[in-house]
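Report on the following structure.
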Amino acid sequence: MSTDSAVRVRFAPSPTGKLHIGGARTAIYNWAFARSQGGSFILRIDDTDPTRSTEENTQIILRALRWLGLDWDEGPDIEGDYGPYRQTDCADLYREAAQKLVKEGKAYYCFCSAEKLARDREAAKARKDSFQGYPRTCRHIDPAEAQARVDAGEPHTIRLAVPEDRGDVVIQDAVHGEVVFNARELDDFIIFRSDGTPTYNFATVVDDARMKISHVIRGDDHLSNTPRQVIVYEALGAETPTFAHISMILGSDGKKLSKRHGATSVEEYQKEGYLPDAFLNYLALLGWSLDGETTIIPREVLAKSFSLDHVSKNPAIMDAEKLLWMNSSYMGEMTDAEFVDRILMPELTKAGLEHDSEPMHEREWYELLASIAKPRCKLSGDVVGIAHFLYEGDKLTYDQKSVDKNLAKEWAHDVLRATTDVLSALGDDEWHEEQIDRAMEALPEKLDLAKRKVFQAIRVAVCGNQVSPPLGSSMELLGKEQTLKRIAYAQESFTQTA
RNA sequence: GGCCCGUUCGUCUAGCGGUUUAGGACACCGCCCUCUCAAGGCGGAGAUCACGAGUUCGAAUCUCGUACGGGCUACCA
């Protein structure tokens, strides 16, 4: 535990791929923890592996984090007092730190080749030895001799000398509680590769210590690495932070999340039409709960009330259905105006139905459309399918099945004729949802037909499908002229005149 | 192989020794609303709390073991 009271947490992705769901949740927890504690959230790019890290991935990750609405206080693009914020810019720092440890006898040069080590490991495995790690061969080489071999250019790595008498490494994990490891089970692990680059367990600790990180919140896969890192902190003479290891996210079959489970990257969810707030809410709840009752948790509440002791220990299976529900729920909570600006216009424009420069209708028209589209959308793009019939003009596509079932009937002709009569009687200033509905109200009785028959016939005539938004509002949106035109066309083309 | 972690309705979870006939959410089913589709309202079904011992007057909650799943054991992160 840090004596420095300032809470500083970091999210440190390696840009070896896009930001996946698990990483996103780790970022969310770090961010929410920082915000709830009034601390700092730091973004660091852990790109020590030059062969797999790319600048493109870094940008994708940054973009995904911004989309999620996670703002960081220090990072590669926001210089703070603890830079650099990319590990590739820290090469000298790691080298100096490692050499200092060698000088102090806390680390040593190892000349064993990777091939030999692999062979030894295989042999130990074959013998079923209980200890299959590094036998500390080079630990006992005289320092002067080792230095001479290094100076002569002999390939070498640097290994940390785990203190013989270290005993138990006890970790007070904020989500798991006390976890005990025996230092004897730890190898003298490599902290510097023969190519002169630091390994993960070394680089992160150097950086976390340098950046005064107070809480390390990361995936469960690092729990077993933690004792190694604690040893590094101790060798460095740095204070160990509080650790919090969060569980993994699994696919629907309980296996590790992969492509065959569908979308795995944040980018894909964005493209599929999920709202950042809904996505954030869903992910936050996957392994954390506010009180066990509340499911809709706005980001401000998350940023205020997140706490590590409500983080669950067990792995969570990603539930796409619930995410979808969450998304529709967030859309439903928007005001019509918000829905128009954030969903409707962008989607209609993307679909080529509207153009940025000049909207085809008045603002009220879009807000009315928003009010009927909202409860019918699960994903942003769904509005296009709902609104499409309004943009088809005279070239409405009629669904054949709907026509067969509702228009190609003996009653349909009369229904449409009677509808035309009552609607024509409405003045232009009366062309509103309520008036339209009222005008058509008496039709079933007048025609002595079931409501369902009557309105479904009208629906198909006007919307082209037996499934559509409510008739009154649909007609209002369509306009009197277009509505009557469609009815006339349908009557002529599909109905049977006895 | 060794070490470490996890195990409450199908899924996410509440639960921190008695208030529990184990609560909520998604999904599912039914009813209501209704001109279709949604949304909404009401209700239902669904968990021998992985299993087995122990501690205790009392255990989903504490301890130990077993099983199953996962992680680490790399010159990956």
Side-chain angles (χ1 to χ4, degrees), chain A residues 12-14 16 46-49 51-53 110 112-114 117-118 121 124-125 127-133 155-159 171 173 176 179-182 184-187 189-195 197 199-201 203-204 219-228 245 247-248 250 252 254-256 282 285-289 291-296 309-310 312-326 328 332 372-378 386 402 406 437 440-441 443-444 450-460 463 465-472:
Chain A
S14 343
T16 54
D46 278 11
D47 52 0
T48 30
D49 184 350
T51 54
R52 296 196 302 146
S53 302
C110 172
C112 300
S113 72
L117 292 170
R121 202 165 27 240
K125 201 180 244 174
R127 270 183 270 117
K128 301 199 167 166
D129 288 1
S130 66
F131 182 78
Q132 299 180 2
H156 63 277
T157 59
I158 299 175
R159 307 188 91 110
I171 290 149
D173 190 281
H176 289 273
V179 184
V180 181
F181 296 85
N182 193 312
R184 260 190 316 237
E185 276 134 21
L186 265 28
D187 277 20
F189 53 98
I190 292 174
I191 57 173
F192 239 77
R193 303 186 187 102
S194 52
D195 66 358
T197 59
T199 57
Y200 165 76
N201 280 323
T204 25
D220 254 352
D221 46 343
H222 291 294
L223 182 55
S224 302
N225 276 322
T226 308
R228 282 172 246 282
H245 289 94
S247 68
M248 314 264 81
L250 309 175
S252 45
K255 295 260 162 45
K256 207 194 269 176
Y282 175 74
L285 231 37
L286 202 58
W288 171 79
S289 66
D291 52 15
E293 307 278 300
T294 319
T295 40
I296 299 297
D309 47 62
H310 280 82
S312 82
K313 302 180 188 35
N314 29 345
I317 292 174
M318 170 84 188
D319 183 356
E321 288 283 353
K322 191 162 182 176
L323 206 210
L324 208 54
W325 168 82
M326 186 78 76
S328 53
I372 64 174
K374 247 189 338 185
R376 274 163 261 259
C377 285
K378 286 197 189 301
I386 292 163
S402 300
N406 302 284
D437 280 332
M440 299 190 296
E441 210 171 22
L443 286 173
K451 275 179 165 185
R452 192 186 171 96
K453 282 184 177 177
V454 173
F455 292 111
Q456 284 300 78
I458 302 173
R459 184 182 310 284
V460 178
C463 306
N465 200 296
Q466 59 190 349
V467 176
S468 89
L471 265 181

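Computed from a predicted structure; not experimentally measured. Residue numbers start from 1 in every chain, and the chains themselves are labelled A, B, ... in the order their sequence lines are given, proteins ahead of strands.
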Correct closest heavy-atom pair for A/Pro444 and A/Val454 would be CA-CG2, 3.9 Å
Between A/Ser247 and A/Ser312, the two heavy atoms sitting closest are OG-O, 4.3 Å
Which nucleotide, in any strand shown, forms a Watson-Crick or G-U wobble pair with [N], with both distances under 3.5 Å?
| N | answer |
| --- | --- |
| B/A60 | none |
| B/G65 | B/C51 |
| B/C3 | B/G71 |
| B/U11 | B/A25 |

Flag, side chain of [X] to backbone of [Y], donor-acceptor distance under 3.5 Å:
| X | Y | answer |
| --- | --- | --- |
| A/Ser194 | A/Pro155 | no |
| A/Gln466 | A/Ser402 | no |
| A/Thr197 | A/Arg193 | no |

May I have the step-by-step check of side-chain hydrogen bond (donor to acceptor under 3.5 Å, both in side chains) for A/Thr204 and A/His222, ending in yes or no? CA-CA 12 Å; A/Thr204 25; A/His222 291 294; over 6 Å; no
Taking [M] as the reference, what is the distance to [N] when you measure between their [atom1] atoms (whole Å, please)?
| N | M | atom1 | value |
| --- | --- | --- | --- |
| B/C28 | B/G69 | P | 30 Å |
| B/G10 | B/C29 | C1' | 14 Å |
| B/C49 | B/U11 | P | 16 Å |
| B/A60 | B/C51 | C1' | 14 Å |
| B/G1 | B/C9 | C1' | 38 Å |
| B/G52 | B/U13 | C1' | 27 Å |
| B/A25 | B/A47 | C1' | 16 Å |
| B/U66 | B/G6 | C1' | 15 Å |

Integer-rounded Å distance: [N] [atom2] and [X] [atom1]:
| X | N | atom1 | atom2 | value |
| --- | --- | --- | --- | --- |
| A/Ile296 | B/U13 | CD1 | P | 16 Å |
| A/Lys374 | B/A39 | NZ | C1' | 11 Å |
| A/Met326 | B/U13 | CE | P | 12 Å |
| A/Asn314 | B/A50 | CG | C1' | 13 Å |
| A/Leu286 | B/A25 | CG | C1' | 13 Å |
| A/Arg184 | B/C4 | CZ | P | 12 Å |
| A/Ile317 | B/U13 | CD1 | C1' | 13 Å |
| A/Lys313 | B/U61 | NZ | C1' | 12 Å |

Between [X] and [Y], is any pair of side-chain heavy atoms under 4.5 Å apart?
| X | Y | value |
| --- | --- | --- |
| A/Asn406 | A/Arg459 | no |
| A/Thr226 | A/His245 | yes |
| A/Leu323 | A/Met318 | yes |

Remember a base hit wins even if backbone is also touched, and classify [X] as base, sugar-phosphate or nothing at under 4.0 Å, heavy atoms.
| X | value |
| --- | --- |
| A/Val454 | nothing |
| A/Lys125 | nothing |
| A/Val180 | sugar-phosphate |

By nearest-nucleotide position on RNA chain B, the 5'-leaning member of A/Tyr282 and A/Asp309 is A/Tyr282
Residue pair A/His176/A/Glu321 against RNA chain B: nearer the 5' end by closest nucleotide is A/His176
Phosphate oxygens OP1/OP2 of B/C35: is one of them under 4.0 Å from a side-chain N or O of A/Lys451? yes
Using a cut-off of under 3.5 Å, enumerate the N/O to N/O pairs linking the protein to nucleotides 65-76 of chain B.
residue : atom : partner  : partner atom : Å
B/G71   : OP1  : A/Lys256 : NZ           : 3.4
B/G71   : O2'  : A/Asp221 : O            : 3.2
B/G71   : N2   : A/Ser224 : OG           : 3.1
B/C72   : O2'  : A/Arg228 : NH2          : 2.9
B/C75   : O2   : A/Ser194 : N            : 2.9
B/C75   : O2   : A/Ser194 : OG           : 2.8
B/C75   : N3   : A/Ser194 : OG           : 2.9
B/C75   : N4   : A/Cys112 : O            : 3.3
B/C75   : N4   : A/Ala114 : N            : 3.4
B/C76   : OP2  : A/Arg193 : NE           : 2.2
B/C76   : OP2  : A/Arg193 : NH2          : 3.2
B/C76   : O3'  : A/Arg193 : NH2          : 3.1
B/C76   : O2'  : A/Asp49  : OD2          : 3.3
B/C76   : O2'  : A/Arg52  : NH2          : 2.8

**Prompt:** Judged by modelled atom types alone, do A/Asp291 and A/Thr294 share a side-chain donor-acceptor pair under 3.5 Å?
**Reply:** yes
Interface polar pairs with nucleotides 36-38 of chain B, N/O, under 3.5 angstrom:
residue : atom : partner  : partner atom : Å
B/U36   : O4'  : A/Gln456 : OE1          : 3.1
B/U36   : O4'  : A/Gln456 : NE2          : 3.4
B/U36   : O2'  : A/Gln466 : O            : 3.1
B/U36   : N1   : A/Arg459 : NH2          : 3.4
B/U36   : O2   : A/Ser468 : N            : 2.9
B/U36   : O2   : A/Ser468 : O            : 2.9
B/U36   : N3   : A/Arg459 : NH1          : 3.2
B/U36   : N3   : A/Ser468 : O            : 2.6
B/U36   : O4   : A/Pro470 : N            : 3.4
B/C37   : O2   : A/Arg376 : NH1          : 2.7
B/C37   : N3   : A/Arg376 : NH1          : 2.4
B/A38   : O2'  : A/Pro375 : O            : 2.5

